[in-house]
Every structure is written in structure tokens, then in C-alpha cells.
Amino acid sequence: MAEEENTSEGRSKGYEPAAIERKWYEKWKADGVFKAKAGTGKPPYCITIPPPNVTGSLHMGHALNNSILDSMTRWHRMRGFEALCIPGTDHAGIATQNVVERDLAKEGLTRQEVGREAFIERCWKWREQYGNRIYFQFESLGCSYDWDRVRFTMDQSYVDAIIEEFRSWYERGLIYRGTRVVNWDVKFQSAVSDIEVVTEERKGKLYHFRYPFADGSGYITIATTRPETLLGDAAVAANPNDERYQPHFGKLLALPLTDRQIPLIADDYAKPEFGSGAVKVTPAHDLNDFECGVRHGLPQHVVIGKNGAMTELAGPEFVGLDRFVARTKVVELMEALGLLEKVEDYKIQTPLSDRSKEVIEPLLSEQWFVDMKPLAEPAIQVVKEGKIRFIPDRYTDIYLQWMENIRPWCISRQLWWGHRIPVWWAKNPDGTLRHAFARNRDEAIAALGAEDCWQDEDVLDTWFSSALWPHACLGWPSESSDDLDFFYPTDLLSTAQEILYLWVARMIMTGLDFVKRPISNSEEAQGLLDADGEQRSIIPFKDVYIHATVLDEKGRRMSKSLGNGIDPIDLIERYGADATRFSLMQQAGKNQDIKYSEQRTDIAGNFCNKLWNASRFVLMHLDVATTGQLPDRPQLSLADRWILSRLTATIEAVNASLAQYDMDDATRALYQFFWNDFCDWYVELAKPRLRAEEADPAERSVAQNMLAYVLEVTLRLLHPIIPFITEEIWQSLPHSGETICTAPYPEAIAEWKDADAEAAIGITIDATRAFRNLRSELGISPAPKLQAAVVAGSGEALSTLTSNRDLIAGLARLSSLTIVDSAPDATSGVWIGSPISGAEVFLEIGETVDLKKERDRIDKELASIAKEIERSEGKLANPNFVERANPEVVEKERSVLADWQEKQAKLTERRKVFSGS
RNA sequence: AGGCGGUUGGCUCAGUGGUAGAGCACUUCCUUGACACGGAAGAGGUCAUUGGUUCAAAUCCAAUACCGCCUACCA
């Protein structure tokens, strides 16, 4: 509560966000505003943010998502929830390893040369040095996260959670050793997940080869884009319904370039319409072929090794050759043998490793897998029962569809940076191997009964650790975790659509599998009864919001290679975090993507500036006695009642929109209310009452309190979206509480809805606009104050116009406004007129009027009215409309028509005055 | 190939059955005591196409076209 002089001076005309934002973030942090505590008696509200890669820096997707997360957190905090938002980062196995290996390469070293232990040490060092960068970026965005609870997926407590998860699944047989075709990255020498594979259309060739029958009775033509895999073929398949091949099923083919014979098998995986209808089957080097091979019990010849070179199985001529060299050689040899039928140009969908850009080699290898089917069942059920809500709800089906066709999950990665698999191996007397779960060597020796044992070399897929993010962040598996008891299940998971399966689905499965509670009715909606009927599996979160993808102006995905990315930090520096957040929220609804252009941030920046200046105006007109308390109702003017009514509608709209994650609607409602209602009209209407020399002191005081009150409520409404500027202004206004962050969020008060005031101010605005329009249409300078008159068409209009006469005169720059019974005649001056709903306004324009100009103006207006009347009459002349439409609609149409007709009559009357003579 | 979105004024987008809206850009005017990052007044659209449902369709349904996203894959 500052004095008038202090608040008005020292505030610049333009809003300058940088210093203000820094100041408030530091203060909030120092005061512990973002800290939450279990068991305060308030209802819990909790979010665990999607942990960005520890190597990452803030991009537009992060900025959008974290603006949403923070706005929701702040909204709930103000609504009286114990609001907790936990930040963290993900160790990002392959990405981090990649970064550190690049650093090593600059020193001319490889990770193999430095060794596993030293390499991991370097990774830690890297993360200590750079890993917190994104946290500072979240701070500059204004995120109200609890920094005391920050999590990293390789913190010791988090590692404990992962080991416990692994143990449980391993002992239950859900984790198993399997041999399958995986996406192999020959550069990283590791399996990579599906999401780390990008397909790119490349020009290639389709080679048509002839495979002769072993008995010399002709040949079969097959086509391939990868000739080198020929060496690993185990069969040729054709569709069982394909008559061309039916007589030959079961016959053997002599596989060229090898001494093997392979069968012609019947499998409906072969599509008769493609090429020759016959397809070669290479089980060790293609996922579909692998599955086909399993169906038919075919051998799996691994002819390409992990380094991308041909193996011994490929034969002495090929061993050691790079796969692409081998490709050329196979083609040459086949051609020499006369077995190359033709070569076509062909567009190949080539799988590339996202990180290394190497062509992915589908490769048969031994890996650890999780059997997802049993885990998926409850995760399907909770979504079907509506216990987890997807927003937008179209994602519900997308989720269910994937879950119902779920496949085993390969969780081992041949990397060094990550969670090393807690399985130890030992040799059996017969030379085979056995394995057991163990946390360390001692446990391993006990479990395996052998001193001579070693830990599995592989680490876990990073998604394995992020799958337990919500409950592990809250303290699981610790026996006594107040946080877990109080804050779990969390309330919201908001993320990008491409990780719906990889991450969201896995969190649901993992959460349900590990977090169990004794049955209690209050938690019925939060989980599923277990099979034994004694416990409930608890969902990890209630709402899943899938936000839009932020694209560039042209609608392209932002990418490093295109160089079309926008750096949110750059936006924050230039426009402020508030403007950045506001512009993102304006565009965040249930849409699938956002075409982002900087113009949007500019607009949001203008909004902040408008807020700043309107507030400056209010502040400089307050005095020490202003309390900001709402004056008693009888003291309120029509305009006061009107703005309260508009404010109420806005409060309702904003709360309803936020509850549905319609950020765009909430933002729009706030923008329109503040700019169009509050600034354009209410402030203008209040000005006369503020002018000290002419105002009645009591009225002045009401106006001051009203302005302070409405502005203060508006700031609270805006705070979750634009936290900094609202705090800065709020602190200067009369208020109660330490910080706007914990001030109560406005709730609509139904009694403030005031239809009478809305109608009355509606007429006032219409009349003002009509006067301005007349002046402008006739090209009369806005400077001179003109004489005016108004004829009221009804009792209500009369009383409204009477009580707002001075206001209209002020807004329309009128020297006088008289209320008359009929149109003023020519003896009293040169009058032009314009009908509005419920009244007709007249302006005295001085000595001359261009008759033709005025006639043209009226004719133009009459023409557009005639069109409206025609439309309306046509509708009402239709008996079907009158009989079948809702009576209220018909009634409304009649009154609309009457209104137009009245305007038409008045204008026609006016036209006579200017018809010459 | 399948699934899902989108197509509304020059641009970016609101608008789910009853008189087509906003911001930016544009035209004209205004430095009037909060704001030129502003104010006032305008111009500009047969709501992608074709059918259907309805008294009434931008809005609901179907098909088509184009743009985009996700998933899987074509030997």
C-alpha cells in the first residue's frame, strides 16, 4: 500500500520485465513459497514434471509444457491446495554417453581406451558441470517448482527404486532373457528403442534375384533391397493361397552363393500382389522374417555382426566385409551367375538411428525383455473405467489400441552410462551359464554359489527408470514415505504425444504394479482391487494432458538440422517470461499442433504493457484512504455494477476453462475482459469521477475503491499464467497477504451478475459509438465538441440515457447532450441522425452539410438494413420455421426484425430531410 | 498402409444448430493528463468441394481433395 506519489513516479511508461522477473523469483524462492508439506490439512495437488534429458536445454516444447504445468500448479496453490510440483532430470543413457564420447574424441580417446569406470566418472563430471542448466531455465520461465525435492534418475534413492522394480519383475519371471531382432546401432554398438529410430525415404534399388530349385526344375524370383541378407536366408515364403506356388510348397531351393538348401514355405505374411509374390526370409536380420521364422522353426543365420561387418557364417568370401560392400559384391556375383533378373530404382524407407544417423541394422541378439501382457491388463482396465482421463479424449482410443497389441519390451542397452543390470552370471560345470538377481558381489556369490561370477555388462533402457517416475519421486520404495502417502496418486501428467506409449503407458503399468494400498473407499476412484481382494493398485496420475507440438511459422517441426528452432530463453530475454508464457497459453488448447510465430509473443508483450499502464493509471489515482474494499452496493454506479457483472462472467469462464485444460479459452477470456471491458470502457467511464476538482468526494472514493478492487481481482485471475507482472503490480495495490502466489483464486459470486447494468451500459456504449461513427463518416474533425441530442425509444432507454448523459457526452466529445421527445428540426441547426437499438442519436454538425454525402451515407446504411430485413422476413415467412423452431428463437427473430424495421423507418425519415429542395 | 487432426477475411486462429468473430496486417483520422507496445472509425469472408439430415448447417452425417501428425510396414 504505497502513496500516490511513490506509485506513479518510478514506474516507467513501458513495462520492462527483466529486472522485475529476476527480483520476484529470487524472493519467492528465498521465502519458500514453492515448498509443499505433507499433511497440512489442505487437499494435495501434485505434479511430477516430465524429466528432460540431463543433456538438454529448454526448447519450445518444454516451454509450452512447463508453462501449462506451472499455471496448473499455481492455480491450485491459490485455490487452497497443498500444491507440489517436483522437478527433475533424466540421465538419458545414449544422449549423455554420446556427448561425453564426443568430448573424449576431441582428446583423441575412445571410451574403450579410458575404460568403463573412468568413463562413467567423466559422465558424472559432465552432469555436475552442465546438468543443472535446464533448472535455471525453468526458473527464468517462472516455474514454481519445489527445488528441495529435485530428482535425478541416478540419485541413490532412485537407483534403489529401480533395483527393487527389477528384482520384483525378475523374480516373478516378467523379466526374461530372450533372443529377438532388435534395432541395432552399429556406431553405438547398442540396441536402441523404437523412438530412437527415424525412418527416412532414400533412393535405393530393388534387386530381383532368381533362386533355383535344388532339383533343377526352374527357379523362383524374389526381390530385395538388401542383397547382403541373402547369405542369411532360411527360406522363401509365398502366400498359401497363391496358386502359382501351391504346387511347389515344401520343395527345396539352392541358395546361391552358399552351399545351403532352403525350403519354399507357405505363410500369409507374403503378399501375392507384391512383386513375384515370393519373399525371402532372413530370420536373423528382419523382425517380420524373425517372426515368420519362429512360426516355421527356421534356423537363424547371423551373417552381419554387431560392428556392421559380415560374420564367418556369411562364408569365407564375405567375412569381414562391411555390410554395404558385401551388398555390392552379392549383386556382382549374382549377376555373374546369371541370377540377377533386373534392378529397379526404388524408394526405400530407411531406418536410421536418431543419434548416430547410421542405418539401423535389425539384428538378432540376446537381450533382456519384459513381458508386458500381464502388466497391460490392469492398465487397460483403469482407463476403460475412466479412472485415468486423457485430454483431449481422442488419445484414450489411441492408448487402448496400442495397449491391446502390446509387445515385449527390450530393456537392455549395450551402454555404460545408466543403471547396470542387477543380474550376475556364473558358469555351470557343463560350460553353460546361469544367472541370478543380486545387488552386489556378495549377494551374487550367495545367490549363484560361486566365487567366480560377474555382473551383466548391459544397462537398462532409460525408459525403464522413467517408468517409475511419479512414485519414485515421492519416495517409493521406502517403507515410510509421508510424501507418497499424501501426494500419490499425482494429479496431472502433461506431455508430448510421441511419448504416449514409451512413457505414459509404461508409467501407468508400473505404477499400478508397484503402488498398493489397503482398501479404503475414499480411494476407490484411484485404483483397482487386486486379485487377492486385499489391496488396491493405485494409479500414478488422474489426468493425462497431451499438449500440442510446437512447429515453426511454416508448420515444420523445429529441428537442429533445419535450424528453424526458436529458443525460448531468447524470447524470455526479449519479451519477458510472462509474455512468453501468455503467448504459449493463448495457443494451447486441444489442438494437435501450434504454428508458432514471434508475432504472438509480441502481442502478448503488448498485453503485459497494457496491463502495466492501466495499472499505472489506477495507482496514480488512488490515495491513502483507498482500501480496495468493495463499496456497499447502494453506492455503486451503473458502470460499477456492469464491470462487476463482466468480471463475474470472466471468473466463471476462466475457472471452467482451466478445469478442462482449455488454456486458450482462459487466456482469451482474460484478454478480452481486461482490454475491451476494463480498459476500453470501465476506466473511461470512471475517469470523470476521479477528477478531483469536479468530483464529489464520496463518488471519487467509490471509484477509487472499485478500480483498485477490480484490478486486484483481475491480477489474481491472471497470476497463474503471468506470475511476475501480476505480483509486481499487486504488491503496490491495497491487498492482504504476503504474496499473490498464495492469495485466494477468485470465485464467481452469482449475485454480481447484473443483466440490467449490462443492458444499460450496452445502450451507453451503442450511443457513444453512434456519435463517433457519425462524426467519422462525415469526415468531421474529432477535436471540436459538438451539440447533440437523443430520442429515447422506451422508458428504460430514457432512464439509462438520462443517468449516463454526462458519460456519453464525455466519451463522444459532445458539448451538450439533450434528451428530447422528437428529432430536432432544422431551425435549431444542421442535424444528422443515426438510429440505434432503443433510441436515435442526433449530432449538430455546424453550418454546412454536404447533402449528397449525407444521402449516400444514409443510403448505404439503408441498403445494409434492407438486406437484414429481407433475411429476417424470409425466415419468418416460412411457416415451417414459425411452427417447428423453438418458440424463443421465433420470438427473438421477431424482435430482431422489429428492431431493424424501426431503424429503417427512422433512417427513411432522416433521408427525407436531406432529399434536396 | 492404418489411425488421428486440420482446411473460416492477406496472416495466425476462436467459433458444435438460429444476424460470421478476434489479434496482426491494411485504409482514414488522433501525440485528448495510463498506455503510439496507444486511441477512434472503417474496409475485407458464397466458412475446401460435393451430397445428405434439419424449419434452419461454418457447426451434425457421408464421400472427395489438399495439408499435417502419430503408429506400423511394403520384401
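- Using a 4.5 Å cut-off on side-chain heavy atoms (C-beta onward), A/I546 and A/T495 make contact.
- Among the heavy atoms of the strands lying under 4.0 Å from A/Q497 are primed sugar atoms or P, OP1, OP2 only; no base atom is included.
- For A/V683, counting side-chain heavy atoms from C-beta on, the closest listed nucleotide (B/A34, B/C13, B/U19) is B/A34.
- Computed from coordinates, the A/I725 CD1 to B/C37 P distance equals 16 Å when rounded to whole Å.
- Rounded to whole Å, atom C1' of B/U19 lies 8 Å from atom NZ of A/K892.
- Taking atom OH of A/Y671 as the reference point, atom C1' of B/G21 lies 14 Å away to the nearest angstrom.
- A salt bridge links A/R700 with A/D623: the closest approach of a Lys/Arg side-chain nitrogen to an acidic carboxylate oxygen falls below 4.0 angstrom.
- In this structure, of B/G23, B/G18, B/A75, it is B/A75 that holds the atom nearest to the side chain of A/Y346.
- Here A/W681 does not reach the OP1 or OP2 of B/G39: none of its side-chain N or O atoms lies under 4.0 Å away.
- Here the separation of B/C35 from B/C47, taken at their P atoms, is 43 Å to the nearest Å.
- Within the nucleic acid shown, A/T549 has no heavy atom closer than 4.0 Å to any nucleic acid atom.
- Taking atom C1' in both B/U27 and B/G68, the straight-line distance is 36 Å, to the nearest Å.
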- Item | Derivation of the side chain to side chain donor-acceptor pair (under 3.5 Å) call for A/Y575 and A/E598 | CA-CA 10 Å; A/Y575 298 94; A/E598 209 170 292; 3.1 Å; yes
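- Residue-level contact check: A/S597 touches neither bases nor backbone, having no heavy atom under 4.0 Å from any strand.
- Residues A/K205 and A/E344 are not paired through a salt bridge, judged by the lack of any N-O separation under 4.0 Å between the basic side chain and the carboxylate.
- In this structure, the nucleotide among B/A34, B/A75, B/A36 sitting nearest to the side chain of A/L206 is B/A75.
- As judged by a 4.0 angstrom heavy-atom cut-off over every strand, A/D289 is placed among residues making no nucleic acid contact.
- Nucleic acid contact for A/W402: none, since no nucleic acid atom lies under 4.0 Å from a heavy atom of the residue.
- By the 6.0 Å and 45° rule, A/K687 stacks over the aromatic ring of A/F617.
- Among the nucleotides B/A34, B/A41, B/C70, the one closest to any side-chain atom of A/R616 is B/A34.
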- Please lay out, stage by stage, how A/S815 and A/L786 fare under the test side-chain contact (heavy atoms from CB on, under 4.5 Å). CA-CA 5 Å; A/S815 60; A/L786 300 177; 5.5 Å; no
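- Of the listed residues (A/K280, A/H285, A/R327), just one forms a side-chain hydrogen bond (donor to acceptor under 3.5 Å, both in side chains) with A/T229, and that residue is A/K280.
- A salt bridge links A/D242 and A/R244; the closest N-O separation between the charged side-chain nitrogens and carboxylate oxygens is under 4.0 Å.
- Closest contact between the side chain of A/N613 and the listed nucleotides B/A41, B/C35, B/A75 involves B/C35.
- Here A/R769 lies in heavy-atom contact (under 4.0 Å) with sugar-phosphate atoms only.
- The side chain of A/K13 contributes no N or O atom lying less than 4.0 Å from OP1 or OP2 of B/G38.
- B/C69 atom P lies 22 Å from atom CG of A/D397, rounded to whole Å.
- Under 4.0 Å is where a charged nitrogen must lie from a carboxylate oxygen, and between A/E291 and A/R180 at least one such pair does.
- Checking the phosphate oxygens (OP1, OP2) of B/C73, no side-chain nitrogen or oxygen of A/Y269 falls inside 4.0 Å.
- Distances shorter than 4.0 Å separate some side-chain N or O of A/K595 from OP1 or OP2 on B/U12.
- Within the 4.0 Å cut-off from OP1 or OP2 of B/C70, at least one side-chain nitrogen or oxygen of A/R557 is found.
- Rounding to whole angstrom units, CZ of residue A/F607 and C1' of B/G23 are separated by 13 Å.
- The gap from the P atom of B/A58 to that of B/C4 amounts to 25 Å, rounded to the nearest Å.
- Counting non-hydrogen atoms under 4.0 angstrom, A/C679 reaches a base of the nucleic acid.
- For B/C74, the base has no donor-acceptor partner in the side chain of A/K271 [N/O atoms by modelled type, under 3.5 angstrom].
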What nitrogen or oxygen pairs link the protein and nucleotides 5-8 of chain B at under 3.5 Å?
none

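- Comment: A/D899 engages A/K903 in a salt bridge, judged by a side-chain N to carboxylate O separation of less than 4.0 angstrom.
- Here A/R894 does not pair with A/E873 in a salt bridge; the nearest charged N to carboxylate O distance is not below 4.0 Å.
- Atom pair A/Y395:OH and B/C4:P shows a separation of 12 Å (rounding to whole Å applied).
- You won't find any donor-acceptor pair under 3.5 Å spanning the side chain of A/Q586 and the base of B/A14, going by distance alone.
- Between A/E893 and A/K875, at least one side-chain nitrogen of the basic residue sits less than 4.0 Å from a carboxylate oxygen of the acidic one, meeting the salt-bridge criterion.
- Distances shown here put a side-chain N or O of A/K687 below 4.0 Å from the OP1 or OP2 atom of B/A34.
- Across all strands, A/E888 comes closer than 4.0 Å to no nucleic acid atom at all (heavy-atom distances).
- At a threshold of 4.0 angstrom between heavy atoms, the contacts of A/A223 are confined to the sugar-phosphate backbone, with no base atom among them.
- One atom, NE2 of A/H208, and another, P of B/A75, lie 11 Å apart when rounded to the nearest Å.
- Nucleic acid contact class of A/Y501 (heavy atoms, under 4.0 Å, all strands): sugar-phosphate only.
- Base-pairing analysis of RNA chain B finds the following stems of at least three consecutive Watson-Crick or G-U pairs, with both pairing distances under 3.5 Å: B:1-7 with B:65-71, B:10-13 with B:21-24, B:26-30 with B:38-42, B:48-52 with B:60-64.
- Here A/N288 lies in heavy-atom contact (under 4.0 Å) with sugar-phosphate atoms only.
- Nearest nucleotide to the A/S776 side chain, out of B/A41, B/G18, B/A34: B/A41.
- For the P atoms, the distance from B/G23 to B/A14 is 16 Å, rounded to whole Å.
- Computed from coordinates, the A/R871 CZ to B/A57 P distance equals 13 Å when rounded to whole Å.
- Using a 4.0 Å heavy-atom criterion, one finds that A/I603 contacts the sugar-phosphate atoms exclusively.
- Nucleotides B/A57 and B/U19 place their P atoms 12 Å apart, quoted to the nearest Å.
- Closest to the side chain of A/D680, out of B/G3, B/G39, B/A14, is B/G39.
- Residue-level contact check: A/R775 touches neither bases nor backbone, having no heavy atom under 4.0 Å from any strand.
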